[in-house]
2 protein chains.
Amino acid sequence: MSTIANASAPRLRADALRNRERILVAARESFCLHGVDAPLDEIARRAGVGNATLYRHFPDRKSLLLHVLLYVNQRIIDLVEKSLVEESDPFEALRGLVLSGVRERVGGLSPLLATEVDHEDPLLKASKRRMHEVTEQLIQRAHASGQLRRDVGPGDLMIAIVRLTLPLPGSACGGSDDLAMRHLEIFLDGLRTPARSELPGPPRTLGDLKDEFC
Amino acid sequence: MSTIANASAPRLRADALRNRERILVAARESFCLHGVDAPLDEIARRAGVGNATLYRHFPDRKSLLLHVLLYVNQRIIDLVEKSLVEESDPFEALRGLVLSGVRERVGGLSPLLATEVDHEDPLLKASKRRMHEVTEQLIQRAHASGQLRRDVGPGDLMIAIVRLTLPLPGSACGGSDDLAMRHLEIFLDGLRTPARSELPGPPRTLGDLKDEFC
DNA sequence: AAATAACCGGGGACGCCGTCTCCGTTTGAA
DNA sequence: TTCAAACGGAGACGGCGTCCCCGGTTATTT
């Protein structure tokens, strides 16, 4: 399933593998809903699994966090790669990224990166590097086509996606996808050429994001 | 200072009044930074005040929360009212609201409304009503001038302001004001006539926000 | 189908942290 | 100067999240 394979996995038993997947999904939902401090026991409960099982798979919160991030990142990368080859209109490809950002709850999950995850972890670094590559490509193509205003960079788009898809505290995770999409559509309109205003500050690159985002 | 006066205040001593103000400001910062669960003792410490003093002024977290919201709401209302009389260009008035939203950390504070505050509190209700009135006026004038696209409502603007000024978890409160302003500027460009796309769903009114926002 | 090893799950001990109060001390008001 | 109001630090209390233990269960292997 994941292109970045966990190399030396000692062959998990069938039910163990299934539980591992369940835990990852449950953790994603819980973290998205209750933040990074979501009780691990509740994640286990949501996964339909004993808490001991969770701790067996992921020794501590840090480890669980890392693997949730890897899991999610990979899904987004897959979507963007697909968009790069299948969508001929660069600006539509941009919209594709935005749409998948909404679907994958990027906003809810991205804050996890700002916490105690190990940014030196080789798997995470590789995942982030790949994410950077594909989004850069997306932006470059949109620029080249003349549809995207020149004074914005990849960092601007990524941050905006995160912000506009953040689950508003108090509302269910992804309970207002249509609203988010509405506002992202307005934002996209603002990104089109010709530019209607002068923006303060320089275009943001992905380097400006400094470990805080995908 | 506040137009909605706390009626039967039994005359606070000078230092008590000063401390009350300090606590409100510190609470605003802390809530903005660490969410609604920010430790009250830390708020007291940040205010340079003993914890007992905090509990003397505000018996419980709920009370503190309420008064922080009233405090902040009032400041925003004042700014918008000023903008309504002083700014002749309606779209510039809109930008004024956005700008003050950034300055007043609306994004960081608005989530507080989604928690255990009493939405039946008469002071809060009055404050919210007034906030609705002035923002409605702002939007109507922008619509009337023909500068604001017809398929957006006040609710769209308010939610976008909240979202785009949300403090990104892990970064200091208001540490990226310029970035937020940049993206709000792009969003404003998307709001201008003529509309560059068809938006999904109906224009959002303030009623659609249902207690979740100012 | 039986044996074995891996895996599961719930209960509960431990420790941390936030809440709130007590009381001796300080400070503003008259 | 006098008094009441306000202050602040320290600490008891309680809740909750983390993590381990161990008896039971399920998948694999021959």
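When reading the values below, keep in mind they use all heavy atoms of this one structure, side chains included, and skip hydrogens, waters and symmetry mates. So that the names make sense, note that chain A is the first sequence line, chain B the second, and so on, each numbered from 1.
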What is the distance, to the nearest angstrom, from the [atom1] atom on [X] to the [atom2] atom on [N]?
| X | N | atom1 | atom2 | answer |
| --- | --- | --- | --- | --- |
| Ile23(B) | dA6(D) | CD1 | P | 12 Å |
| Phe58(B) | dA6(D) | CZ | P | 13 Å |
| His34(B) | dG18(C) | NE2 | P | 11 Å |
| Asp37(B) | dC16(D) | CG | P | 12 Å |
| Asn19(B) | dT26(C) | CG | P | 17 Å |
| Leu64(A) | dT18(D) | CG | P | 10 Å |
| Leu54(A) | dT18(D) | CG | P | 10 Å |
| Arg45(B) | dT19(C) | CZ | C1' | 16 Å |

* To do: Give every residue pair that meets the salt bridge (Lys or Arg N to Asp or Glu O under 4.0 Å) criterion with at least one member in residues 50-75 of chain B, sequence neighbours excluded.
  => Arg75(B)-Glu104(B)
Report the residues that fulfil salt bridge (charged side-chain N to carboxylate O under 4.0 Å, His left out) with [X], sequence neighbours left out, ordered by chain and then residue number.
| X | value |
| --- | --- |
| Asp41(A) | none |
| Asp37(B) | none |
| Arg204(A) | Asp178(B) |

* Asked: For the helix from dA1(C)-dT30(D) to dA30(C)-dT1(D), what angle lies between the axis at the first five pairs and the axis at the last five pairs, to 10 degrees?
  -> 40°
* Asked: Would you call Glu92(A) and Arg95(A) a salt bridge, using N to O less than 4.0 angstrom?
  -> yes
Could you work out, with side chain to side chain donor-acceptor pair (under 3.5 Å) as the rule, every residue matching [X], not counting sequence neighbours?
| X | result |
| --- | --- |
| Asp118(B) | none |
| Glu87(A) | none |
| Glu81(B) | Arg130(B) |

Below 3.5 Å is the cut-off: list the nitrogen or oxygen pairs between protein and nucleotides 20-24 of chain C, distance only.
{"unit_1": "dC20(C)", "atom_1": "N4", "unit_2": "Asn51(B)", "atom_2": "ND2", "d": "2.9"}

* Asked: Which of parallel (below 30°), tilted (30 to 60°) and perpendicular (above 60°) describes His183(B) and Phe187(A)?
  -> perpendicular
* Counting just side-chain N and O atoms, does His57(B) come under 4.0 Å of either OP1 or OP2 of dC7(D)? -> yes
* Does the side chain of Thr53(B) get closer than 4.0 angstrom to OP1 or OP2 of dA6(D) through an N or O atom? -> no
* Structure fact -> Once base and sugar-phosphate atoms are separated, protein heavy atoms under 4.0 Å mark nucleotides 24-30 of chain D, 5' to 3', with B, S and - as --BSS--
* Which residue pairs pass the ring-ring contact (aromatic ring centres under 6.0 Å, His included) test with at least one member in residues 26-57 of chain A, sequence neighbours excluded? -> none
* Looking at residues at least two apart in the chain, or sitting in another chain, which of them share a ring pair (Phe, Tyr, Trp, His ring centres under 6.0 Å) with Phe91(B)? -> none
